[in-house]
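So you know, we letter chains A, B, ... as the sequences are listed, proteins then strands, and number each from 1.
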Amino acid sequence: MGKVMVIDVAKCNGCYNCQIVCKDEHVGNDWTPIAKPQPDTGQFWTKVEEIIRGSVPKVKMAYMHSICQHCDDAPCIKACSAKAIYKRDDGMVIIDPTKCQGHRNCIDACPYPNVIYFNWDLNIAQKCSGCAHLLDRGWKDTRCSEACPTGAYTFGEEEDLKELIAKAEVLRPELKTNPRVFYLNIPKRFVAGAVYDPEADECLAEVTITLTDSKSGKKLTAKTDIYGDFWFEGLGVGSYSVGIEKSGYLSQKKEGISTEKDINIGDIPLYKKV
Amino acid sequence: MVETKSQEKKTMGEKTFTKALGFIGAQAMDSNPINVDVKDGKIVRLRPLHYDWKYQPEQFNPWKVEGRGGSTFEPKMQAVLGPLTLAYKKRVYSPNRILYPLKRVDFDPKGNRNLQNRGKSGYVRISWDEALDIITSEIKRIIKKYGPYAILEQGDGHGETKTVHAAHGCQRKLLRLLGGYTEQTRNPDSWEGWYWGAKHVWGMEPVGQGKQTNIIPDVAQNCEMILYWGCDSETTSWGWAGQTASRLMYWFSELGIKSIFICPDLNYSAAVHADKWIPILPNTDAALQFAIAYVWITEEIYDKKYIETHTIGFEKIRDYVLGKEDGIPKTPKWAEPLTGVPARIIKALARDWASKPTSICHGNGGGMIRGGYSTEPARMEIVLLGMQGLGKPGISQLKLIEWCLFGDFTYMGLPKSLVVPDLLLAGRPEEPEAAHHGFTFWDLPKQILPKDLIADAILNPPLEWYGTTLLAEPRENQFKKYTYPVPGCSKIHMIWTDSPCWITCWNGGNRLIEALQGPEIEFFLAQQPWLENDCLFADLVLPVSTKFEEKDIAADGVGGQFNTLIYEQKCIEPLGESKSDWEIVCMVAERLGLLKEYTGGKSEDDCIKFGFEHSNVAPFISFEEWKEKGYYVIPTDPDWAKEKPGYRDFYEDPEKHPLKTPTGKLEFYSETLAKHFPDDQERPPYPKWIPYGESHQESLLCERSKKYPLLVVSNHPRWGVHANHQDVTWFREIKTCKIRGADGYQYNTVWIHPTDAAERGIKDGDIVKVFNERGGVLCGAMVTERIMPGVISTDHGSKYDPIVPGELDRGGAINTIVPHKLTSKNSAGMATCGFLAEVERVNLDELRSKYPEAFSRPFHPFAGTGVESFLYGGKE
C-alpha cells in the first residue's frame, strides 16, 4: 500500500530534469503545511550524481540519484525531538515546516547522503516531500517523475509496480530502513580493454578473454569483437586477472587488476607464434 | 481554466495557460509546448503540456512506429521536454532583465559619441520618451546624411520564438517604409558544411542535409549500425524539440543497432548510448573518411553497381584516394597521425561499415561541419554513403532534430501530421500580410550583409562574396556574386538589432568588437530582454518582455511527437517598463507617423485571428473553441507510411526519381563547382583533404601549433541555446556548466584531459586562460577522461564579461577567439570549431590587481553578471 519511486539508472540520460523541476516547484513557492520554499540554490531534494567510468577511449557515464527514501522505518522520524516528522498513509515522509524547531537531529540520523538540508534563513530542515501537496490535488506523478523523459523515474502505487520492485534493490539494506525508493541497474564495475596484432597492425577479433576473480576463483569469458574490444560489466570491487588467448598467438596474462574504479586495462598486443 | 480530464482536481487559485517554448527564435517555428500555472500574478510552475488534457487521444490519432522483432515506438501523451524549457521561469525573473531603457553614459548624439568606449562605458537609465527621441532623430539624421541603406537591420535568430511579437526582425517592415535598409542575412550556422558542400553532391534543399521522410521506421527495421558523427542529439535537441531524440536513441539500442560515436569528446549522447567511442581530433574527419574509402576500394567492399548507376565522378575520388593524383595514398596509416585514430581501428571500422546496413546520424550541434573547410567532410560523407548504396534499406543520413523543418515533410523522419501549423504561410511574396512580424527569407532589399561578414564590412570594405548565405537559398545561389556596398547604397552607419548573438556565438568575436569600437557605426540600437553580450556595446538598449508577458499565437511544428497550434495568452504583466519587440517598433513607427502603415491597422488580436485562419488549422476547429481550449493537436496523417523512406525512391529508380543535381545523380564530382570556381583550391570540384590553406591555419601541421598545440572543440551548449540561459542559477550549480573560482565567480567550464592538465600544472577546478593570438578567455578546468588528449572542449554561448574588451574575457566567450575568416574562399560560412589554442593556469589575485575595474564589477553570486554589473556608477 502506498506510493513508491523506482529509479532505473540504465534509463537515465543525465538531463537533470528531475533536479530542475523540483526547484521549479519548491523555490519561491510556499506549500505550507507540506513544505516551505527551499532557497534558490544549494539544496537538491533530488540530486543527480555523475559517475564517470573508465579512461579514453573506454569511457561511460552513469547518473545516480540521491533522494529522500521515504523509509517505512525512517531514522529521521525517531530522531526528531520536536516530533515534526511524520509518515502519511500514502507512505510519504514529511518534515512539517510549522513544527520543525531547527534541532537538526534528522540530518545526523539520516544515513543517506544529500537528502535532508538545513535552511538557515527559515531555521528548518527540508527535503523531498514526495510532492504531497500535488498528490493531494489528485496528481498521479511527482514533478520529477512527470518531467523524466525516459522512464528513469517511475512513481506510482506499490501494487502496480511490484514486478519492477521485485527486480530492484534498495540502498543500505543492512540498515533496515525499508525505503520506498527502489533502484534498478546501479552500475557495478567494468573491466575493459582491446587486443591487437602490432605486426599486422590489425585489431584482433575472436580473442578469448578470461576474467578470473582473484579471491573467489570465479571465471567469466568473453570474445573480442571486430575492434578487438572486450567489456566485462557488473563486476564487484576486487582484484582480477585477465587471460588473453587466440589460437596461433602467444597468450598473455594481466594480474592484479583492481576494480576499485572501473578500469580500462588498455590496448594489449598479441604476437603470432613463430 | 479548470482541469476537465485528469484527476488534478483542485487548482488552488492557480490559472493555467498554454505556451510553446522552443528556442529557434525565428520563422515562427516553435516547439516544446507547456502549461504555465500562474497565481497572484506570478508564475508558479512550467509543466509539459499533456496532449490529452483537453482532447481524447482518438481525436488526434496517435501514431506508432514499428521496428524489427515487433518492437514499437510511440509518442508520449505529453511533451517530452528538456531542462532549458522547464527552468525558464528563471529567465523570466532573471536579475539580468532590463527593466527600463538604458543609454551608454558617454554617448551624446548631439555631442561626443565616444564610440571607442563601447564595451567599456556604463549605462544609465533614461525614459522611453528620451529613448524614442534619440531613435527617431538618429534614424532621420542617418537617412538624410547617407540614405536609408546606412541602417543595418540585424534580425537574428535563437531565443524565444514569437509570432505577432516576433523577437527578430520586426524593424524590417518599418525600415522598408522609410525607403529601404541593409539586411543582415544570417549564414547557415547549423548547417555550414552541408550547405556549402554536401548540397553540391546530392542537391538537398534547402540546407544540404539528407531526406528524412519516414526514415525512423526504416532505421528501426533495417539499420544495423549508426555512426553518430560529430553529433550530440541528447544536447542540441533540447532547445529545438525536447527529448524525443533521447527516447529514440534508447530504442535503437534496444533494437540491437550498434551505436558508434566519432567525436573528440565523450559528448552527452556518447556518454549513455555509445557502444564504442572513437575519439578523433577536431576537424580531421575528412582524413578518416578518405582512409575508409581506401580500405573499401582496395578490398573491394563497396557497391560498384550503385556507383555506376547512381553517381558521377567516382573515378576522381578513386584516383585521389589511391594516390594517383598527388602521390599520397590515403591509407589508414596516413590518416592515423592526422586524426589520432589508430590505423587498425580505421580498418576495422571500414570493414564493419561495409558489412552491414549503416546510417550516419547528425544532431547539428557538434563541430563536424563548422570548422574551416567543413565542405570537405560534409560532402565526403555523402560519397561514403553513396559507396555503400544510399537509399538501400537502413542506409541513410539521419537527423534527430528539426523534425519537419520549415514546415516541410521531407524533413519529417517520424509519422507526419495531416498539416503543418504554419504562421508564415500568409506572408510569402504572393500574399505579404502575415501574423508573423519577424524577418523572412524573401523580400530582400538591394543591399545585404551576411552576418559572418559584418565585421569585415565595417573594418575593411568593399567586399565581395558568393551567395546570400540564407538557409532558404537554392544551390545555384552559391554561384552568384554579391558586393558591398552596392552601387547607389551607402555603407552602414547604424545597426538596429534585436536579441543579438554575435560575439559569443559567431565568428571572430574580438574582431567584431574592434569594428564596433571604430567610427563607422555612429549609432548602435539594441532591444533585448536581458543585458548580455552584444548589448554591452550598444548605445541604447531597450527592455523587451518575455513571451510570458505577451499574448501571441504559436506554431509547434518541429517537436517530433505531435504538431500543435497554441493560443498563447498573457500570463503575467510585463516586468518593469518592458515592451515586446513588435510594440517597440510600433512606438518608433508612431513617432515617425507610420503606425497605421506599419501595422496595417491590425491589433494584436486581429493578428492572432489572422494567423489562426491562415495556419492550416482552421478547417479542423473553430477559432473560439481553439482559444477556449488553448491549443489544438493536429491529427496524424493515417496515410503517413505510404511514402517511401529517405532515398529509397532514388535507390530503386534513379532515372524516375532524380536528385536535384544537374545530372540527377550523386555528383561526387560537381561540374557546376568546376565551372564556376575552376581554380578554387579550398573547395575543389570534388572533396579533398584540406588541413590548412589560405583561409585557415588551424591544423597541428601548421607552424602556429608550436605555440598553440591544443585543438578546441566547441559545441552547441549543453546548458543553453546559443547565448541564452546563461543566468539560470539552477544550471550554474552544475559542474559541466560553471565552475566557481576562489574569487567566487562562476567560470565557464572547459574540459581537459588529465595528461594535458598535468603537463600544465592544472588541477580540477583551477581557473585557466584559453588563448591564441586573437585573445583569451578565462574558464574553469574540469579535468576529465571525457575528452581525448590534445583537445579541449568548451561550449559556445557563454556570457561575455570583458576584462579588456576585444582582448580578454572573464565570461569564457570562446567565440571571441575563434577564426573570423569564412569556411573557405568561396564558401561564405563561418568556421568556429576545430581551431588552435593553448591553456594555462591563471593567478586570480594577479589578475585582480592588474584589472581592478573588471574584477570589482559586481555580479550575482549564482546568476553571474547582470544589469547592475554594467550600470554607470554601480547599483542605481
Side-chain angles (χ1 to χ4, degrees), chain A residues 10-25 27-29 31 40-42 44 48 50 52-63 133-134 136-140 143 146-151 194 196-198 200-205 225-229 231 264 267, chain B residues 3 6-12 42 44-48 76 78 80-83 86-87 89 93 234 238 242-244 246-247 250 266 268 270-274 276-279 332-333 342-345 347-349 351-352 729-736 753 784-789 862:
Chain A
K11 289 186 177 173
C12 178
N13 62 20
C15 71
Y16 281 79
N17 265 3
C18 46
Q19 183 171 310
I20 297 300
V21 298
C22 177
K23 289 177 182 253
D24 184 56
E25 187 63 27
V27 171
N29 289 328
W31 306 116
D40 185 54
T41 57
F44 308 91
V48 177
E50 299 201 0
I52 170 164
R53 315 171 65 203
S55 60
V56 178
K58 293 202 164 46
V59 188
K60 293 183 188 213
M61 296 289 295
Y63 300 94
H133 64 290
L134 296 174
D136 289 344
R137 289 192 204 182
W139 281 47
K140 289 271 172 64
R143 286 299 306 274
E146 182 192 48
C148 180
T150 59
Y196 70 106
D197 178 339
D201 195 17
E202 296 282 359
C203 303
L204 279 178
D225 66 12
I226 190 174
Y227 300 95
D229 288 340
W231 293 79
N264 167 17
D267 298 327
Chain B
E3 310 285 351
S6 70
Q7 288 159 34
E8 296 164 26
K9 290 190 271 295
K10 291 171 263 181
T11 57
M12 313 299 282
K42 202 183 81 161
V44 173
R45 69 176 70 80
L46 304 184
R47 291 173 68 191
K76 289 183 92 164
Q78 62 175 72
V80 184
L81 304 176
L86 294 168
K89 193 167 78 181
Y93 295 118
E234 279 286 342
W238 282 357
Q243 301 204 54
T244 296
S246 180
R247 296 186 65 227
Y250 279 107
L266 188 82
Y268 298 90
V272 293
H273 299 292
K276 183 165 185 66
W277 173 34
I278 298 180
K333 205 69 198 164
R344 62 181 186 271
I345 305 267
K347 288 184 252 186
L349 175 62
R351 292 167 194 148
D352 198 11
T729 53
W730 304 336
F731 297 157
R732 296 168 70 94
E733 292 184 285
I734 298 169
K735 187 173 181 183
T736 47
H753 190 264
T784 176
E785 292 285 343
R786 288 182 70 174
I787 187 76
M788 65 188 289
F862 297 98

> Among Asp24(A), Ile20(A), Ile52(A), Asn29(A), which has the most heavy-atom pairs under 4.5 Å with chain B?
Replying inline: Asp24(A)
>> Heavy-atom cut-off 4.5 Å, strictly under: side chain, backbone, both or neither for Ala205(A) against chain B?
In response: neither
>> Between Arg786(B) and chain A, with a heavy-atom cut-off of 4.5 Å, which part of the residue counts as in contact: side chain, backbone, both or neither?
In response: both
> Of all of Ile278(B), Thr244(B), Asp352(B), which one pairs up most often with chain A through heavy atoms under 4.5 Å apart?
Replying inline: Asp352(B)
> Is chain B contacted by the side chain of Asp197(A), its backbone, both, or neither, given a heavy-atom distance below 4.5 Å?
Replying inline: neither
>> Between Arg344(B), His273(B), Lys42(B), who has the most heavy-atom pairs with chain A when the cutoff is under 4.5 Å?
In response: Arg344(B)
> Side chain, backbone, both or neither: which part of Ile734(B) has a non-hydrogen atom closer than 4.5 Å to chain A?
Replying inline: side chain
> Rounded to the nearest 0.5 Å, how far does CD1 of Ile226(A) lie from NZ of Lys276(B)?
Replying inline: 11.0 Å
>> Nearest 0.5 angstrom please: Ile345(B) CD1 to Tyr196(A) OH, how far?
In response: 10.5 Å
> Non-hydrogen atoms of chain B under 4.5 Å away: do they reach the side chain of Val48(A), the backbone, both or neither?
Replying inline: neither
> What part of Ala10(A) gets closer than 4.5 Å to chain B, counting heavy atoms only: side chain, backbone, both or neither?
Replying inline: backbone
>> With a 4.5 angstrom heavy-atom cut-off, is it the side chain or the backbone of Leu266(B) that approaches chain A, or both, or neither?
In response: side chain
> Among Lys347(B), His753(B), Met788(B), Gln78(B), which residue forms the greatest number of heavy-atom pairs with chain A at distances under 4.5 Å?
Replying inline: Lys347(B)
> If you look at every heavy atom in Val272(B) and Cys12(A), which pair is closest and at what distance?
Replying inline: CG1-O, 3.7 Å
> Do the side chain of Lys23(A) and the main chain of Ala87(B) share a donor and acceptor less than 3.5 angstrom apart?
Replying inline: no
> Once you round to the nearest 0.5 Å, how far does NZ of Lys60(A) lie from CH2 of Trp277(B)?
Replying inline: 13.5 Å
>> Less than 4.5 Å to any heavy atom of chain B: does that hold for the side chain of Val21(A), its backbone, both, or neither?
In response: side chain
> Most heavy-atom pairs under 4.5 angstrom with chain A, which of Ile787(B), Leu86(B), Val80(B), Leu81(B)?
Replying inline: Leu86(B)
> Taking all non-hydrogen atoms of both residues, which atom of Gly82(B) and which atom of Asn17(A) are closest, and how far apart?
Replying inline: C-OD1, 3.3 Å
>> Tell me whether Glu25(A) contacts the main-chain N or O of Arg45(B) through its side chain, where contact means a donor paired with an acceptor under 3.5 Å.
In response: no
> Partners of His133(A) by ring pair (Phe, Tyr, Trp, His ring centres under 6.0 Å), sequence neighbours excluded?
Replying inline: His26(A), Trp31(A)
>> Among residues at least two apart in sequence or on other chains, which ones pass salt bridge (Lys or Arg N to Asp or Glu O under 4.0 Å) with Glu785(B)?
In response: none
>> Could you report the tightest heavy-atom contact between Cys15(A) and Pro83(B), atom names first, then the distance?
In response: O-CG, 3.2 Å
> What closest approach, in Å, do Lys76(B) and Pro149(A) show between heavy atoms, and which atom pair accounts for it?
Replying inline: NZ-O, 3.6 Å
>> We want to know whether Asn13(A) and Tyr250(B) form a side-chain donor-acceptor pair, criterion being a heavy-atom distance below 3.5 angstrom.
In response: no
> Can we say Lys735(B) and Glu50(A) salt-bridge, meaning some charged N sits less than 4.0 Å from an Asp/Glu carboxylate O?
Replying inline: no
> Arg143(A) versus chain B, heavy atoms under 4.5 Å apart: side chain, backbone, both or neither?
Replying inline: side chain
> Measuring heavy-atom distances to chain A, does Val44(B) have an atom under 4.5 Å in its side chain, in its backbone, in both, or in neither?
Replying inline: both
